[in-house]
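In what follows, chains are A, B, ... by sequence order, proteins preceding strands, each numbered from 1.
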Amino acid sequence: TMYITVILFLCSSVIRLYTSHVTEISCIKGCLNFDPSSGIPPLWTSLPPEHWTRHHVCDWLQYCCDSYKLDAAYISFSHFNVLGVQLCSMTKEDFTEAAGICGQHLYSILQDIRTNGEAEGDTEFFECLMWILIILGMQSSHLWEFLRDLLLSSEDTSGILDWEDQEQGIFRVVKSEALAQMWGKRKHNDRMNYEKLSRALRHYYKTGILERVDRRLVYKFGKNSYGWH
DNA sequence: CCAACGTTTCCTGGTT
DNA sequence: AAACCAGGAAACGTTG
């Protein structure tokens, strides 16, 4: 239970963080600079260049050669048998001496990483996490999960949806149309409204996902829902 | 291509 | 009167 709760919390936070920036999964795929099917991204991507070991520097060179189609024959690898700190202190001239025209490319790539370093490391981390969640099929796409995650998130939901009694799983829809808009956004459907959302919720009564509460805009999680305690 | 699933859309009629 | 609620019926998109 603890494990599931932690995973659910992580999922909802990461997904919410992401859906606010990215509208489509394909977008996320496009942002990634590594092939998810071949495993995790190289370690150096999550570290600032200043902290790279000789090995990281080597990996980075290899990556640059592959990704930017640089000819390794022009690169004097002995010049790059250095620590990250030393690599960062190298001037553009040093790079040119070590790898000619490729050196200038490498120099600008490195400077780019250094300037965007922190943020890139962060987004990279979340992209990676996001991918893992998608691969594990943990992106909740069902309406009741969407509501549950919204209720569970510490994020300010601007009083759109609130617990009435979390122990019993009773919650209240505060701003019905705003909620419908959020759901519509998630499903890329701008024609969504509370009339239709509530119809979908009423379908849940027969499957035990929700139980009826005879109060306007109040719903209750049923025995076939989980993760809201 | 099929079928099941989870809605989405539309609707009629009733309640607060 | 506006906003909700109850479900039937059928269309729809995704997934297995």
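With sequence neighbours left out, the side-chain contact (heavy atoms from CB on, under 4.5 Å) criterion links A:His203 to A:Arg199, A:Lys206. Partners of A:His55 under the side-chain contact (heavy atoms from CB on, under 4.5 Å) rule, at least two apart in sequence or in another chain, are A:Thr53, A:Asp59. Every residue meeting the side-chain contact (heavy atoms from CB on, under 4.5 Å) condition with A:Ala200, not counting sequence neighbours, appears here in chain and number order: A:Leu143. With sequence neighbours excluded, no residue satisfies side-chain hydrogen bond (donor to acceptor under 3.5 Å, both in side chains) with A:Asn193. With sequence neighbours excluded, the residues forming a side-chain contact (heavy atoms from CB on, under 4.5 Å) with A:Leu217 are A:Val173, A:Ser176, A:Tyr194, listed by chain and number.
Residue pairs meeting the ring-ring contact (aromatic ring centres under 6.0 Å, His included) criterion with at least one member in residues 69-96 of chain A, sequence neighbours excluded, are A:Phe80-A:Phe95, A:Phe95-A:Tyr107.
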What string of B, S and - do you get for nucleotides 7-16 of chain B 5' to 3' if you count protein non-hydrogen atoms under 4.0 Å? BBBB-----B
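When hydrophobic side chains of Ile, Leu, Val, Met, Phe, Trp and Tyr are connected at separations under 4.5 Å, A:Val218 ends up clustered with A:Ile170, A:Val213. Grouping Ile, Leu, Val, Met, Phe, Trp and Tyr by side-chain contacts under 4.5 Å, direct or through others, leaves A:Val174 on its own.
If you walk DNA chain C from 5' to 3' and mark each nucleotide with an atom closer than 4.0 Å to a heavy atom of chain A, the marks span C:dA3 to C:dG8.
If you check every strand for non-hydrogen atoms under 4.0 Å, A:Thr207 touches nothing.
In DNA chain C, runs of at least 3 consecutive Watson-Crick or G-U pairs, each pair with both distances below 3.5 Å, span B:2-16 with C:2-16.
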Without placing hydrogens or testing angles, list every side-chain donor-acceptor pair under 3.5 Å for residues 82-93 of chain A, not counting sequence neighbours.
unit_1, atom_1, unit_2, atom_2, d
A:Gln86, OE1, A:Leu83, N, 2.8
A:Ser89, OG, A:Gln86, O, 2.8
A:Thr91, OG1, A:Glu93, N, 3.3
A:Thr91, OG1, A:Asp94, N, 3.1
A:Thr91, OG1, A:Asp94, OD2, 3.2

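A side-chain donor-acceptor contact under 3.5 Å links A:Gln166 to the backbone of A:Trp228.
Between A:Leu201 atom CG and B:dG6 atom C1' the separation is 12 Å, expressed in whole Å.
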